[in-house]
Amino acid sequence: MTSTIELASSFIEGAPPGELADVVSDVQALTSEGEDIVPSLVPAFKRYNESQLATVKLPGSSEEVIVSEFNALEDNRYFDPESQTSFEVDHTTQTASGAQSYHLESENADLIKSLLKSFGAHAREHYPSSSYGVYPIENDSAVAILLVANRYSPNNFWNGRFRAIYQVPVSSPSTLTGKIQVDVHYYEDGNVALNTNKPVSVNLPSVSAESIVSKIAAAERDYQEALNRAFVQTAEGSFKGLRRQLPITRQKVEWEKVGGYRLGQDISGGKGR
């Protein structure tokens with residue numbers, strides 16, 4: 001039988017973008033342990049934060065940095081090469097503390113520095129609200145390039161997240177591999193979710209920041225154009241076939257006033273006007 005912790009952990013790890021706090025409240029309400037269950041869910045919070053590329057603000061800074069498996073240290077600490085800082089993360093509250101100076105020890109420090117500059121320019125141009133990072137991985141034989149962009153609009157009942165993770169061996173010639181993920185949750189009068197996972201594999205003529213970022217930009221552009229085409233085809237095809245986009249009157253039905261419509265009266269046994 002699934003334990004309460006396992007069940008609650010699955011809820012945490014499946015939380016939509018920007019809705020982790022709401023899911024935690026629901027978990028607390030559904031369990032008899034209440035707040036006492038939260039400390040037992042720290043591993044689930046950590047897995048969620050690392051897989052979702054959660055961002056935290058460094059103490060005394062307005063910049064948000066990424067939390068991931070690629071920049072993890074010991075004791076819930078992580079590092080950011082661009083600010084040359086390490087920091088501790090409270091995975092439950094998604095807050096950073098204990099910032100310390102951190103010097104990156106890597107034979108590929110020059111490549112990482114160049115990538116941070118070039119990839120940062122790409123991120124700022126195409127993703128105004130985003131965070132990015134470049135980290136040495138696989139015993140310094142490759143680098144990981146991460147990007148996350150969040151858009152939250154709870155007043156309009158939707159939240160979304162764009163994530164991209166790329167890995168590049170530093171040997172030349174090389175191949176850039178990775179995946180692009182888009183998660184959107186729309187929940188006005190229901191629940192609609194978009195969860196995509198697009199693999200990326202591109203040959204690199206050389207391992208330089210300019211070559212790598214150019215290939216990443218092309219892959220992301222192609223993917224977003226494919227998404228746009230899919231949305232148009234779905235709207236004009238599948239969704240249109242399910243029901244009218246608007247009634248013949250060209251106005252949305254106000255369901256709370258349905259009794260005032262002729263059809264509603266007929267169904268309820270009332271007299272039409």
Looking only at side-chain N and O atoms, does [Y] offer a donor or acceptor that is under 3.5 Å from a partner on [X]?
{"X": "Arg124", "Y": "Tyr132", "result": "yes"}
{"X": "Asp90", "Y": "Thr95", "result": "no"}
{"X": "Ser83", "Y": "Asp80", "result": "yes"}
{"X": "Asn49", "Y": "His91", "result": "yes"}
{"X": "Glu50", "Y": "Tyr78", "result": "yes"}

Short side-chain to backbone donor-acceptor contact, [X] and [Y], under 3.5 Å:
{"X": "Asn71", "Y": "Ile66", "result": "yes"}
{"X": "Ser214", "Y": "Glu210", "result": "no"}
{"X": "Ser61", "Y": "Lys57", "result": "no"}
{"X": "Thr85", "Y": "Ala99", "result": "no"}

Quick one: [atom1] on [X] to [atom2] on [Y], what's the gap to the nearest 0.5 Å?
{"X": "Asn197", "Y": "Ile180", "atom1": "CG", "atom2": "CD1", "result": "9.5 Å"}
{"X": "Gln181", "Y": "Phe162", "atom1": "CD", "atom2": "CZ", "result": "10.0 Å"}
{"X": "Asp75", "Y": "Ser86", "atom1": "CG", "atom2": "OG", "result": "11.0 Å"}
{"X": "Asn155", "Y": "Ser153", "atom1": "CG", "atom2": "OG", "result": "6.5 Å"}
{"X": "Thr55", "Y": "Arg161", "atom1": "OG1", "atom2": "CZ", "result": "8.0 Å"}
{"X": "Arg163", "Y": "Gln52", "atom1": "CZ", "atom2": "CD", "result": "4.0 Å"}

[X] with [Y], same ILVMFWY side-chain cluster at under 4.5 Å:
{"X": "Trp158", "Y": "Tyr152", "result": "no"}
{"X": "Leu73", "Y": "Val67", "result": "no"}
{"X": "Leu53", "Y": "Val56", "result": "no"}
{"X": "Ile112", "Y": "Leu176", "result": "yes"}
{"X": "Val168", "Y": "Ile216", "result": "yes"}

Taking the side chain as C-beta and beyond, is there a heavy-atom pair between [X] and [Y] under 4.5 Å?
{"X": "Leu147", "Y": "Phe119", "answer": "yes"}
{"X": "Leu204", "Y": "Thr175", "answer": "no"}
{"X": "Val42", "Y": "Thr92", "answer": "yes"}
{"X": "Ser141", "Y": "Glu138", "answer": "yes"}
{"X": "Glu220", "Y": "Tyr223", "answer": "no"}
{"X": "Thr177", "Y": "Val200", "answer": "no"}
{"X": "Val207", "Y": "Ser171", "answer": "no"}
{"X": "Lys215", "Y": "Pro205", "answer": "yes"}

Q) Given Tyr48 and Gln94, is the side-chain contact (heavy atoms from CB on, under 4.5 Å) satisfied, shown in steps? A) CA-CA 11 Å; Tyr48 177 84; Gln94 294 184 328; 4.3 Å; yes
Q: Report the C-alpha separation of Glu63 and Leu58 in whole Å, then their side-chain angles, then the decisive distance to 0.1 Å, and conclude whether the side-chain contact (heavy atoms from CB on, under 4.5 Å) test is met.
A: CA-CA 7 Å; Glu63 295 295 323; Leu58 294 177; over 6 Å; no
Q. Is there a side chain to side chain donor-acceptor pair (under 3.5 Å) between Tyr186 and Glu188 once you walk through the steps?
A. CA-CA 6 Å; Tyr186 180 77; Glu188 183 177 17; 2.7 Å; yes
Q | Ile212 versus Ile145, closest heavy-atom pair with distance | A | CG2-CD1, 3.6 Å
Q. What's the shortest heavy-atom distance between Pro169 and Ser174, and which atoms?
A. O-OG, 2.9 Å
Q) Above 12 or not: heavy atoms from other molecules or residues under 6.0 Å from CD of Glu107? A)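 No, because the 6.0 Å sphere around CD of Glu107 holds 12 heavy atoms or fewer from other groups.
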(Q) Just checking Asp110: does its CG atom have more than 12 heavy atoms from other residues, nucleotides or ligands closer to it than 6.0 angstrom? (A)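 At most 12 heavy atoms, drawn from other residues, nucleotides or ligands, come within 6.0 Å of this atom.
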Q: Begin with the C-alpha distance, continue with both residues' side-chain angles, and end with the deciding distance and a verdict on side-chain contact (heavy atoms from CB on, under 4.5 Å) for Arg151 and Tyr127.
A: CA-CA 10 Å; Arg151 288 291 298 273; Tyr127 309 93; over 6 Å; no
Q) Is the Tyr102-Phe87 ring centre distance short of 6.0 angstrom? A)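 Not under 6.0 Å, so no.
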Q. Taking the inter-plane angle between the rings of Phe157 and Tyr187 on a 0 to 90° scale, is it parallel (under 30°), tilted (30 to 60°) or perpendicular (over 60°)?
A. perpendicular
Q: Go through Leu41 and Ser9 one step at a time and tell me if the side-chain contact (heavy atoms from CB on, under 4.5 Å) criterion holds.
A: CA-CA 6 Å; Leu41 297 175; Ser9 294; 3.5 Å; yes
